[in-house]
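Working notes, beginning with the structure itself.
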Amino acid sequence: MSKIGVFICHCGENISATVDVERVAREIGGMEGVAHAIDYKYMCSDPGQTFIKEAVKKYGLDGVVVGACSPRMHEPTFRRACAEAGLNPYLCEMANLREHCSWVHEKSEETTEKAIDLVKMMVEKVKKNKPLDSIKVPVTKRALVIGGGIAGIQASLDIANTGHKVILVERDPSIGGHMSQLSETFPTLDCSQCILTPRMVEVAQHPNIKLYTYAELESLEGFIGNFKAKIRLKAKSVNYSTCTGCGACIQKCPVKKIPSEFNAGLGTRTAIYVPFPQAVPNKPVIDRVNCNYYKRGACKICEKTCQVGSIEWDKEDEIITEEVGAVVLATGFDVKGTDFFPEYGYGQYKDVLTGLQFERLASASGPTFGEIRRPSDGAIPKKIVFIACAGSRDPAKGIPYCSKICCMYTAKHAMLYQHKVHDGESTVFYMDIRAGGKNYEEFVRRAIEEDTVNYVRGRVARVYEKNGKLIVKGVDTLLGGEQVEIEADMVVLATAGVANCGSEQLAQKLHVSYDPYHFFAEAHPKLKPVETNTAGIFLAGACQAPKDIPETVGMASGAAVKVAALFSNDELVREPVVAVVNRLAPPLYSTCVGCFMCETACPYNAIEHEEIKGRDGSLIRTIARVNQGLCQGCGTCVAFCRSKSIDIQGYTNEQVYAEVMSLLND
Amino acid sequence: MRCYQCGKCTAGCVLASDMNYPPSYLMRLLQTGTRQNMDKVLASNSIWLCLNCENCLGRCPMEIDIPKMMDYLRTQAIKENKLHPDSKPIIAFHRSFLDSVRNTGRLYEIGLVLSYKFRTFNFLQDLAIAPSMYLKGKLHLLPEKIKDRRSMKRIFAQTIENAKTVNK
Amino acid sequence: MKIGFYPGCSLTGSSREYNESVVALAKALDIELVEIKDWNCCGATAAHVMNEELSLSLPARIMAMAEEQGLTEVVVPCAACYNRLKVTQHELEDENKRTRVIEILKLPYRGDLKIINVLQMLEAYGAENIKTRVTRPFAHKVACYYGCLLVRPHSILKFDRVEDPQSMDTLIKGIGGTTLDWAFKTECCGAGFSVSRTDLVAKLSGNILKDAADRSAEAVIVACPLCQSNLDMRRGAINKTLKNPIDIPVIYITQAIGLALGIGAKELGLKRHFVTVEL
Amino acid sequence: MSSNTDFEPKIIAFVCNWCTYAGADLTGTSRLKYATNVKIVRFPCTGRIDFLLLLKSFAQGADGVIVSGCHPNDCHYTSGNFHARRRWIAFRSILDLMGVDIRRIQYSWVSAAEGSKWADLVNNTVADIRALGPYAEYQKVADYLEKEGYNEEA
Ligand SMILES: Cc1cc2nc3c(=O)[nH]c(=O)nc-3n(C[C@H](O)[C@H](O)[C@H](O)COP(=O)(O)OP(=O)(O)OC[C@H]3O[C@@H](n4cnc5c(N)ncnc54)[C@H](O)[C@@H]3O)c2cc1C
Ligand SMILES: Cc1cc2nc3c(=O)[nH]c(=O)nc-3n(C[C@H](O)[C@H](O)[C@H](O)COP(=O)(O)OP(=O)(O)OC[C@H]3O[C@@H](n4cnc5c(N)ncnc54)[C@H](O)[C@@H]3O)c2cc1C
Ligand code: SF4
Ligand code: SF4
Ligand code: SF4
Ligand code: SF4
Ligand code: SF4
Ligand code: SF4
Ligand code: SF4
Ligand code: SF4
């Protein structure tokens with residue numbers, strides 16, 4: 001028979017004012033299995049805790065129930081006290097006599113009776129409690145950062161500066177992401193590359209950062225603290241250990257007309273190329289799709305040019321494995337092309353651009369060296385129209401959400417244009433101006449007031465070309481719907497910020513969730529913005545939703561701190577409230593029938609398949625096993641299992657039934 | 001109604017500038033849900049001038065079916081007898097057209113034009129082109145009639161002539 | 001190749017030349033057109049504006065008659081009729097509406113007839129023959145004008161692209177013509193307002209013609225009798241609104257292709273246009 | 001419905017730890033009053049709540065049951081509450097089949113911030129169950145459990 005100790009707290013008068021605590025202690029003391037029951041003024045005080053410790057020893061208690069406040073308040077306190085007295089802490093439970101009883105009921109017979117019931121429930125539960133050990137998992141103190149935009153750069157540097165190793169994987173030949181493509185940045189108009197390049201270099205030189213460019217994640221296995229990442233190093237065709245980055249090969253490559261990704265299609269590049277002059281690493285790769293040699297088997301001019309013999313024709317993709325303890329996802333976003341909107345030109349008019357293309361035009365390192373010129377004929381546009389929300393906030397053809405950054409960059413574009421073309425006229429068609437941020441509204445007002453950008457509230461219905469002009473048919477809704485027609489020289493669409501292509505597949509590889517637009521989903525929209533619901537995988541930057549640089553950097557540092565916190569211990573200690581699949585002696589092994597309903601139910605992919613093999617190594621059965629590193633203890637699997645083979649420690653079926661039955665069985 | 005007043009419909013509507021209220025404005029009036037604004041809508045020429053060309057619907061980010069609403073509003077305006085003067089020739093034309101279909105099963109253009117002229121007392125209109133139409137073989141002097149004209153009578157009787165049927 | 005044929009009222013009256021050219025071209029391309037027996041008017045905009053059930057019943061009778069005749073596919077050259085038939089078919093997918101319309105018609109109606117426009121017919125059954133039978137390449141720079149009814153509502157018609165359709169352009173290019181990239185391909189010409197609001201038609205059609213003329217089109221190519229009559233028959237009224245009168249002809253796609261195949265101008269009804277056609 | 005005024009229904013509440021349990025704590029700290037008839041059983045998540053337990057509760061003499069967890073999308077475990085809701089829909093039909101009055105099960109969402117909603121939920125449920133009277137058909141449920149075993153549709 002159990003020997004349970006029960007301790008009823010007065011909480012000063014908080015409980016005893018409405019509950020007859022002496023009667024509770026008295027009646028519970030008479031229950032089967034209760035070896036000791038007392039009441040006391042402040043159980044959580046030192047003397048209160050001492051009562052418990054002494055009773056554990058004196059009566060050899062095998063269970064403790066404290067009838068006091070909410071377990072959310074003092075459960076750790078009393079469990080610690082029990083542990084100090086040598087009792088497994090998970091044999092201690094609390095009955096909530098304060099928040100759930102004395103504070104919500106008047107002083108009465110019923111209130112005391114309810115209090116007795118609440119304590120009884122816990123006594124019955126504790127009888128079924130089993131000693132549990134907290135779970136310890138080792139932590140590999142090395143982080144994997146996927147994506148080398150400003151988010152990935154910031155997160156890598158922050159983690160590396162805490163002294164931990166970082167592996168940074170970037171898909172493109174250089175890190176930098178979208179920020180490296182920007183001209184000047186709102187709200188301060190500082191040059192994007194001037195502030196970014198030093199950080200890119202720092203990444204390359206940091207002793208704690210291992211950089212893999214032109215690489216992608218192949219697969220990820222394992223769980224928090226213990227991931228195994230397979231990384232595909234795409235063949236660069238250039239040996240980076242010998243290449244000096246002199247660029248001679250690039251000068252000589254005869255394939256020169258490939259649209260440059262970095263210049264958003266406005267400039268060209270060669271087949272062997274460095275995406276932009278400040279690239280990190282500043283060494284070329286060969287684009288095999290466009291290279292003459294890979295296409296037709298002849299050329300090799302680059303090889304002849306290279307003084308150090310760095311070209312490697314037969315290099316193949318390589319797959320390496322890295323063990324890491326945490327992952328930061330920082331794969332950023334993408335912008336929709338102009339062909340998104342048929343009425344704005346089907347991508348057929350050369351002078352209808354995306355915002356990103358305009359950034360390249362305005363950038364000193366861009367195809368026009370910072371002069372705003374029309375792609376069609378190189379003329380300087382005298383009239384320019386910006387169309388906000390081009391694709392965003394359009395459930396019919398685009399995406400329903402607001403892309404958040406485009407109001408700001410449109411204001412910036414109009415401003416940059418006015419600064420560069422003094423006699424130019426710029427018009428912005430907008431629906432709302434969303435400029436929430438430090439100095440953002442002021443920035444937009446400056447565009448309107450000081451730089452005389454013409455803001456017209458209304459959407460544009462159509463853009464078409466006539467006599468070398470782009471006719472923009474819009475409306476001024478503030479004038480009761482007056483139609484506005486502008487003959488523009490250039491039209492810039494603030495196209496939607498969308499999830500990066502491939503983000504869905506990447507999310508599936510990592511077992512993180514994504515939203516309907518394929519942006520990665522945070523664990524909680526307010527309180528866990530950098531966590532995913534897979535423990536150990538964190539988010540940074542625009543891969544979670546469109547966002548600007550300040551927010552991206554803040555989020556990246558947040559993710560880095562989460563990683564550092566995780567790495568601050570050698571082992572992870574977790575509450576043992578996790579699921580377990582029962583194990584029986586052979587030949588039964590388990591009541592689990594291997595239906596894996598639990599697997600479909602589990603939101604954390606914590607269910608694994610365990611093969612039970614005979615002595616000869618033949619497969620007897622496959623049953624479920626819970627990966628305790630991944631299990632969060634939600635218990636969903638328990639409700640799904642029809643054979644009742646999986647149960648959740650601390651809330652087992654047995655325990656819960658005992659609670660319920662104690663209430664009803666009289 | 002989901003309209004968020006972006007104005008794209010108005011920006012592309014070919015007749016917006018001829019309307020008392022351009023389409024987006026009309027949507028706003030309806031959105032208020034007040035009787036007063038509904039009256040404004042019904043008494044406007046907008047609902048009659050709308051050509052059902054569907055430019056607006058094709059471009060509306062919220063896929064608001066303005067042409068369909070126009071259909072409804074026109075029926076409502078007839079029912080409440082709140083007709084903008086611009087509606088007169090338009091309704092007259094439609095009625096004359098349907099008369100022809102009702103009687104012959106097809107469109108009898110001379111009949112249509114004559115009947116329209118009686119309805120609008122606009123005898124001079126189109127005098128200029130009718131003779132050349134005739135000369136170019138584009139006008140039949142006698143109506144073409146379908147055989148089963150009773151089916152036409154029945155269809156008209158059960159739909160437009162049946163007081164209970166209204167546009168939805 | 002045998003296919004059902006619904007001419008509609010315009011083609012038997014004010015747009016006879018469209019009918020003539022469709023028939024002549026079909027013959028030249030070995031397409032046999034089987035006219036729906038005892039067909040009636042589709043009700044056009046008038047029925048649509050005045051009464052919903054009427055606007056569904058009239059086209060439904062046409063389709064019921066075609067079904068009864070054993071036709072499975074029907075070509076409808078008039079864009080307005082094509083639109084009414086397609087939309088009706090779509091609306092009658094609704095059980096209640098269908099039951100009601102069948103009750104009015106007292107005819108069985110299945111709703112599985114395939115309704116196509118003239119461009120679709122030429123694409124599907126004429127493309128090969130046109131290519132091999134061109135005798136007089138149509139070496140002209142023209143503006144293909146689709147109007148509204150052929151492409152909208154896209155969700156129901158599912159034909160071509162809404163803002164910049166291409167099927168007519170492709171056909172013209174196939175007979176040696178050049179097509180313009182212009183802005184008014186699908187802007188409304190004023191449609192059914194021809195008689196009741198000639199002033200508005202003059203304005204809208206004027207805008208269309210002006211853009212085509214500005215881009216030096218030699219002709220405007222259409223596939224709808226409403227468009228044709230607004231742009232052609234109303235040219236007098238249109239030119240009154242313009243600074244410089246426009247004299248470019250407006251011809252049907254079937255006439256253009258007919259010319260390329262060497263069919264005579266008279267057979268194609270080209271003499272019936274108000275604006276003289278010299279192509 | 002006045003015949004049952006002296007009937008005190010026995011009601012069990014199955015709630016999740018993160019939202020409703022905390023919400024009920026807030027009712028306490030706010031000193032809002034409610035009826036004493038309801039006793040709370042704490043679960044990690046409503047997704048853990050096995051409907052066999054509800055049946056057992058009825059079979060053993062409960063007059064009513066409350067199931068409450070986080071609002072949709074607020075689930076601490078992402079999707080547990082969705083699973084719970086889906087199963088609840090399936091479970092309803094089983095109950096119906098067995099002749100259990102589904103009005104006796106109150107399904108709700110109470111967040112950690114909705115202390116007063118918890119008080120209202122309890123009071124309304126108590127009033128409803130009191131109006132329905134004691135649950136008399138428990139024997140049916142007990143027999144069912146005995147006979148069929150448990151075959152809840154997932
Ligand atoms: C036109 C325009 C103008 C802007 N102007 C401003 C401005 O003035 N001020 C401002 O604050 N913000 C501005 N922004 C926003 C700014 O660009 C973003 O906030 C910022 O780039 C987000 O950084 P990121 O690292 O999250 O994403 P990104 O910059 O998109 O970087 C993501 C990186 O991940 C890599 N990657 C993607 N997928 C994978 C994969 N599967 N594996 C490995 N690597 C991968 C990409 O190659 C890229 O290098 C502007 C945005 C646009 C479009
Ligand atoms: C009406 C309203 C509604 C809102 N609704 C939402 C919403 O629905 N969703 C949402 O996401 N956000 C909402 N917010 C925003 C949200 O409240 C803030 O984002 C959040 O509270 C910011 O938290 P904080 O810790 O930075 O600042 P605070 O909440 O202001 O906390 C600052 C703390 O610092 C203490 N403090 C101040 N000075 C000192 C000092 N010198 N020494 C020591 N302590 C000091 C203060 O006492 C306070 O406790 C709302 C805000 C308002 C005003
Ligand atoms: S244990 Fe809880 S109830 Fe008891 S005195 Fe401390 S706070 Fe109050
Ligand atoms: S082999 Fe390829 S990369 Fe090298 S120079 Fe020739 S085309 Fe350029
Ligand atoms: S020439 Fe050789 S060393 Fe120079 S950049 Fe090219 S590959 Fe590198
Ligand atoms: S940020 Fe501005 S331009 Fe961009 S989608 Fe939102 S409202 Fe439109
Ligand atoms: S649901 Fe139960 S029986 Fe099925 S695999 Fe999981 S633990 Fe085994
Ligand atoms: S308790 Fe939750 S997280 Fe753990 S295995 Fe079960 S369903 Fe998965
Ligand atoms: S386009 Fe649509 S959403 Fe915009 S104003 Fe017109 S009806 Fe409203
Ligand atoms: S359908 Fe009517 S409101 Fe819409 S664009 Fe055409 S004419 Fe204007």
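All figures in this text were calculated on a predicted structure; none of them were measured in a lab. Per chain, numbering begins at 1; letters A, B, ... match sequence-line order.
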Under 4.5 Å from a heavy atom of chain C, the part of B:Arg59 involved | side chain
Would you find more than 12 non-hydrogen atoms of other residues, nucleotides or ligands less than 6.0 Å from C:Lys210 atom NZ?
-> no
C:Glu91 bridged to B:Lys68 by N-O distance under 4.0 Å = yes
Report yes or no: does C:Arg152 contribute a side-chain atom to a donor-acceptor pair with the main-chain N or O of B:Cys53 at less than 3.5 Å?
-> yes
Answer yes or no: is there a donor N or O on one side and an acceptor on the other, between the side chain of B:Arg74 and the main chain of C:Met50, under 3.5 Å?
-> no
Regarding C:Arg61 and B:Ser151, is there a side-chain donor-to-acceptor distance under 3.5 Å anywhere?
-> yes
Just wondering, more than 12 heavy atoms not from C:Glu278 lying within 6.0 Å of its CD?
-> no
Are the side chain of C:Asn40 and the backbone N or O of B:Met152 linked by a donor-acceptor pair below 3.5 Å?
-> no
With no hydrogens and no angle check, is any side-chain donor or acceptor of B:Glu109 less than 3.5 Å from a backbone partner on C:Ser14?
-> yes
Checking C:Leu105 against chain B: side chain, backbone, both or neither under 4.5 Å from a heavy atom?
-> both
So, the part of B:Ile78 with a heavy atom under 4.5 Å from chain C: the answer is side chain
Please indicate whether C:Lys266 has more than 12 foreign heavy atoms, meaning atoms of other residues, nucleotides or ligands, lying under 6.0 Å from its NZ.
-> no
Please flag which part of B:Glu54 lies under 4.5 Å from any non-hydrogen atom of chain C: side chain, backbone, both or neither.
-> both
Check B:Asn55, B:Val14, B:Leu15, B:Asn52 against C:Cys188 for a side-chain contact (heavy atoms from CB on, under 4.5 Å) and give me the one that passes.
-> B:Val14
